[in-house]
Structure formats: C-alpha cells, structure tokens
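We use all heavy atoms of the structure for the numbers below, so side chains are in, but hydrogens, waters and symmetry mates are not. To find a chain, count down the sequence lines: A is the first, B the second, and so on, and within it residues start at 1.
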2 protein chains.
Amino acid sequence: MTKKITLAKTSFETKEFLDHISLDCVIFGFHDNELKVLTLQLKRTLENALPGGFLKKEETLEEAAKRVLKERTGLDQIFLKQFKVFSDPLRSKNNPQKPDYIDDDLPYDLDFFAKRFITIGYYALVDFTKVNATPDVFSQKCEWKNITESSNYILDHYEIIRDALEVLRLQLRHQPIGYNLLPDKFTMPELQKLYETILGRELDRRNFQRKILSYKILNKLGERKKGGAHKSPFLYEFNLEKYQKALNEGLSGTW
Amino acid sequence: MTKKITLAKTSFETKEFLDHISLDCVIFGFHDNELKVLTLQLKRTLENALPGGFLKKEETLEEAAKRVLKERTGLDQIFLKQFKVFSDPLRSKNNPQKPDYIDDDLPYDLDFFAKRFITIGYYALVDFTKVNATPDVFSQKCEWKNITESSNYILDHYEIIRDALEVLRLQLRHQPIGYNLLPDKFTMPELQKLYETILGRELDRRNFQRKILSYKILNKLGERKKGGAHKSPFLYEFNLEKYQKALNEGLSGTW
DNA sequence: GCAAAAGTGTTAGTCCTACACCCATGG
DNA sequence: CCATGGGTGTAGGACTAACACTTTTGC
C-alpha cells in the first residue's frame, strides 16, 4: 500500500501521464449464472466506479489497459477489447479540483483531476474464479456487481457498462466470449445461461445444445457437477483451435 | 484561403485544441461500382493523408468529426461512426517538429506537431455525387482514391483505412450502409455491387435481389438508367422507416 | 416415487443455393 | 440479330423452431 502511494506520487509529480486521456475497463465475469462487472467503491463518497487509469507517455492504450487489469485482478493474458470513446466535455465537468475520494494525505497534481478527460472504454472477459479483486488507491473496496445494478456510479460509468454490454451482444458470434468468461471446464447449461444472459432472452435447451455441438468447438469430458440437485450434466472444454477458426467465419445462426 | 490560414493561426496560438488527441476520418464513397476513400495530398511531400483534425476544448469528438466532414465535403448530416483508437506511441514518432507539408509562412505552434498523438478513427458514408471535395491548409488536393490503392500514405493512415473497411464489413447488417453510400435513386445491380465490394466476394444476382426485396425496405420506382447498354434496370429508393426498423433486428441471412 | 434438470430424437416449415428461362437494349 | 445484362421462377437440400420422451438425481 505504501508502495502504491509512492508510485502514484511519483507518477503525477513527474507528469508520467498524458493529460486529457484516460481509460476505463468494463471487466465482465460470470458467476452464479449471472453476468457481473468488477467495480470499485470509492473512499469517502462510497460511489461506484469502473477500474481505470491514465495513459502513460510511452505506452499504447492496450498496454495501459493491461496494466489496469493486472492491478485489479492479478491476471495477465486477459481478453481485452477497445469498444468506444467517451468524449462529452461535460462528462468530467463536475469533477472538482480535488475529488472527495482523494485522501488528504495523498500527494498528487492538484490540477490533474480538474482537467477535461476523454476516456477510452475497454471491455475485458475474465474467468471469475481466477480473479483476485484488488482496490486501487482511491477505493476502499473492489467487488463484483450484477450488470443490472445501475445505482450510484460516478460520471457516465454506468452508461459505459451498458454500451459495453451492447457491443458484447453484437460481437457474440465473432469473439471468443464463452471461452474467456467460463472456467476451463463447464457444463452445457452454464454455457447456455451465459448466452441467454448476454442476449437478454431465453433459448431452447435442446436446440442450443445441438447447434453448439454442430460447430465442433467443444470437447466432451466425463460427468461431474455433483453438487447440484437432479441429473448431473456433462463437462465440456473448448477446443481452442477449432473455436478460433469458427469465429473467423462467424458462428452462423439466428441468435 | 486567407481566411483559413487566419483561423489556423488563431487556433494554434490560443491553444484552442487539446494536446495529444486527434481524429481521422475514413470517408467512403461509391462511384463507378467501386468503393472509394476521400484523401488529401499534402503539400511538398505529396504524400496521401486522411482528412482529420484536432479536438477542441469544448467539443465532443463527434462534433469535431462533423466539423472536419463539413470542411472537406461541404456536407452536413453525414453518417458517421467512431470505430477505433490508434494509440501506438511510435505512430507519430517520425513526425518532425515542423512537418514538411507545413508551409514556411503558415503560423502555428512549433511544438504542436511534435507531440505524441492518439487518433480516434471515424468512418463516414457519403453520397459520392453530393461531395464537394475541398483540401485543407496542409494539402494541395482532395480526391477520391480506390480502397485498394495503398501507396504513399503517411503514418498509419492506410492501416486505418483497412481497419475501417473491416468494421464496415462486420456492421453491414446493422448499419444503414446502402442508404448512405448510394444516391437517392439507384438500381438493384448497383446495390449488389456495393455489397459485393464491401464483402469482397461475388453474390448471386437472383438470390441477392430476392433477399433484399424480402426485407421490404425498398420502394420500386419507374424504369430508367437509359445510359447503359442492354436492358435498363429499375430504380429503387430506400424506405427509410422500414430500413431502420429492420436494421435494429439486424438483416438476417448468411452474407 | 416425485419434481426438476439433463440427455436424446422427430418433424414441419423456412430459408438458402444453384440453377433455367425469358426479356430488353445497343451495337 | 446477337451478345450482354436484367427480370422472374423453381426444385433440392440445409437449417431452424417447436415439441415428446426418457434418464438421472436429491429430497
């Protein structure tokens, strides 16, 4: 913690960051059959915010986003995609020179937060079970929130979440969304719930299974999922090679 | 022209623009059955560049892009979509403090162009026949180039064009691409050629027509296209209301 | 043994594909 | 009058949507 504060101090004081440019990450995870977003709860105001950061002078946006992802989740190698820039001058208009969520004793460039920012929105897909959620210096808590919870986000952060979800829907056939959001081994009902959640509507259990299997992108494993009541479903894993190839063409069908 | 120089002078000297942030527009037009991009030829070096500009302190990126579009094409109300941010620090690394394409007598902030820029890529769809192509202060010519011509673009501008085309392909079912690229009245073969160009492959004439008509998004008009040899095709126009509604669902099919 | 969840199968209808045929126009 | 491009039609096959039946599991 001390180290982080020191880092922040160094960063802002030496003007390591570019002015005006920030990025925010909508980190999606899937748990309990629900699509969730990793959020920060800010100190003092207790408002919710997306994990984000500023662009350093010598890095690409992708590198900056990976840096943020690593710090909040502990993970490397995360699936990450830029999806939109938010540039309304009014979006940061209400930012005071020294936002409430900054500790008095935290050294920083007084003007930095008062500047106008455009923010580049990224969405990330992670395996919920592998994430070690870690707050940043401005936050007291880092936690998963259901995407339907819209309350108490700062600035336009909930709008960013909604936009990310919409993009996710549109790219469902072209991005390895299932692969990145589910654990290595998963059941067909879990995969289906994921698709249903993203699409926002229910799918026929039997048709879903047949279609997914027709793509030949899954390897069927031995039974499991003993925990649940009722008949235990099979476990599957993605055949990554075939999955990638199929996505390049776009998974066909009417979903 | 004199007026423009004055504007530029005022702008740079008063620091009207945000540092580090630019935007570039891939302006697509369709003519002679070919997909074209509006390009600038820079003074001195005669290199090609995309129309672009810088973000003013009090405007959104959309407003900035519309400003650029208006200046280069004379058109308002252009279909415009942000599609990607280009942020590699090396992309502007080769920019000298005073680029060759700047006239000696053109006043500007000496450091401005030497800064690192991220650029936000927009693509625009315009009716070729309505564009009045106008160069900016750095250019001697503004002209349409075929998208296959890749030679002599500055920085990563041709990469931006390729990425724009790829996005166009992916969004073909969800954006009013036909409506914005074609003149108000057009023939079925023209519409087909547009689709073929964007998709990069040929389509069956008869199946194409049947499918497009099945969407009920076109109004059939009287004959015409007298100029061409052979049988004269019908003219159509878009039924904008139905088109918009259909796009929200996404035009179905396997294209 | 019963309710609920999961595996497997069937069928009718729709959509796509790949063609064949005729009509209009300009050289 | 014929080559070329444009308008219209049709048959086979693939895919989808909707639904029935059986199997497994925990209470």
Side-chain angles (χ1 to χ4, degrees), chain A residues 30 32-34 172-173 178 182-183 185-197 199-237 246-247 249-255, chain B residues 30 32-34 172-173 178 182-183 185-197 199-237 246-247 249-255:
Chain A
F30 194 65
D32 285 342
N33 281 339
E34 286 181 339
L172 190 54
R173 292 188 210 172
L182 293 172
K185 299 177 179 183
F186 55 89
T187 68
M188 192 61 73
E190 284 167 355
L191 182 61
Q192 180 179 343
K193 275 282 184 294
L194 172 58
Y195 271 71
E196 288 180 338
T197 306
L199 292 170
R201 61 192 173 88
E202 300 195 340
L203 301 171
D204 183 279
R205 187 169 59 86
R206 298 146 285 193
N207 294 335
F208 178 82
Q209 177 150 178
R210 182 164 346 99
K211 190 185 277 188
I212 285 282
L213 290 177
S214 76
Y215 297 142
K216 315 261 190 208
I217 57 176
L218 299 182
N219 298 331
K220 191 172 186 172
L221 308 172
E223 279 212 19
R224 197 82 65 92
K225 191 69 177 184
K226 297 175 190 168
H230 321 304
K231 188 171 182 176
S232 48
F234 287 108
L235 285 173
Y236 292 87
E237 66 182 8
L247 287 173
E249 308 290 318
L251 301 176
S252 64
T254 47
W255 293 333
Chain B
F30 194 65
D32 285 341
N33 280 340
E34 287 182 337
L172 190 53
R173 291 187 211 173
L182 293 173
K185 300 178 179 184
F186 55 91
T187 68
M188 193 60 74
E190 284 167 354
L191 182 60
Q192 182 179 343
K193 274 282 184 296
L194 172 58
Y195 270 71
E196 288 180 337
T197 306
L199 291 169
R201 62 191 173 87
E202 300 195 340
L203 301 170
D204 183 280
R205 186 171 59 88
R206 297 147 285 194
N207 294 335
F208 177 83
Q209 178 150 175
R210 179 159 1 95
K211 192 187 276 188
I212 284 283
L213 290 178
S214 77
Y215 298 142
K216 316 259 190 205
I217 57 177
L218 299 182
N219 298 331
K220 193 172 185 172
L221 308 172
E223 279 210 19
R224 194 84 64 92
K225 191 70 177 182
K226 297 173 189 168
H230 320 303
K231 187 171 182 177
S232 49
F234 287 108
L235 285 173
Y236 292 86
E237 65 182 8
L247 286 172
E249 308 290 319
L251 300 177
S252 65
T254 46
W255 291 334

For nucleotides 8-13 of chain D, give me every protein contact, N/O to N/O, under 3.5 Å, one pair per line with atom names.
residue : atom : partner  : partner atom : Å
D/dT10  : O4   : B/Arg210 : NH2          : 3.0

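- Of all nucleotides in DNA chain C, those with any atom nearer than 4.0 Å to a heavy atom of chain A start and finish, going 5' to 3', at C/dA4 to C/dT10.
- For A/Glu237, the salt bridge (charged side-chain N to carboxylate O under 4.0 Å, His left out) criterion is met by no residue, not counting sequence neighbours.
- Applying the salt bridge (charged side-chain N to carboxylate O under 4.0 Å, His left out) criterion to B/Glu202, with sequence neighbours excluded, gives no partner residue.
- Applying the side chain to side chain contact (heavy atoms under 4.5 Å, CB included) test to B/Lys211 and every residue at least two apart in sequence or in another chain returns B/Ser214, B/Tyr215, B/Thr254, B/Trp255.
- In this view, B/Asp204 and B/Arg206 satisfy the side chain to side chain donor-acceptor pair (under 3.5 Å) rule, not counting sequence neighbours.
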### Task
I would like to know whether B/Thr197 and B/Asn33 meet side chain to side chain contact (heavy atoms under 4.5 Å, CB included); could you show each step before the answer?
CA-CA 8 Å; B/Thr197 306; B/Asn33 280 340; over 6 Å; no

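- Residues meeting the salt bridge (charged side-chain N to carboxylate O under 4.0 Å, His left out) test with B/Arg210, sequence neighbours left out: none.
- If you take OH of A/Tyr215 and C1' of D/dA14, they are 14 Å apart, rounded to a whole angstrom.
- Across the interface with DNA chain C, nearest-nucleotide mapping of A/Met188 and B/Lys211 shows A/Met188 to be the residue nearer the 5′ end.
- In this structure, the helix from C/dG1-D/dC27 to C/dG27-D/dC1 shows an angle of 10° between the axis at its start and the axis at its end, each fitted on 5 base pairs and rounded to 10°.
- Remark: C1' of D/dC19 and CZ of A/Phe208 are 19 Å apart, rounded to the nearest angstrom.
- Side-chain N/O atoms of A/Ser232 include none lying less than 4.0 angstrom from OP1 or OP2 on D/dT24.
- The ring-ring contact (aromatic ring centres under 6.0 Å, His included) contacts involving residues 216-236 of chain B comprise nothing, where partners must be two or more places apart or lie in separate chains.
- With sequence neighbours left out, the ring pair (Phe, Tyr, Trp, His ring centres under 6.0 Å) criterion links A/Phe186 to A/Phe238.
- In this structure, the side chain to side chain donor-acceptor pair (under 3.5 Å) partners of B/Gln192, at least two apart in sequence or on a different chain, are B/Glu196.
- Under the side chain to side chain contact (heavy atoms under 4.5 Å, CB included) criterion, A/Ser232 pairs with A/Glu223, not counting sequence neighbours.
- Following rounding to the nearest Å, B/Lys231 (NZ) and D/dG6 (C1') show an atom-to-atom distance of 5 Å.
- The backbone N or O of A/Thr187 lies less than 3.5 Å from a partner atom in the side chain of A/Glu190, making a donor-acceptor pair.
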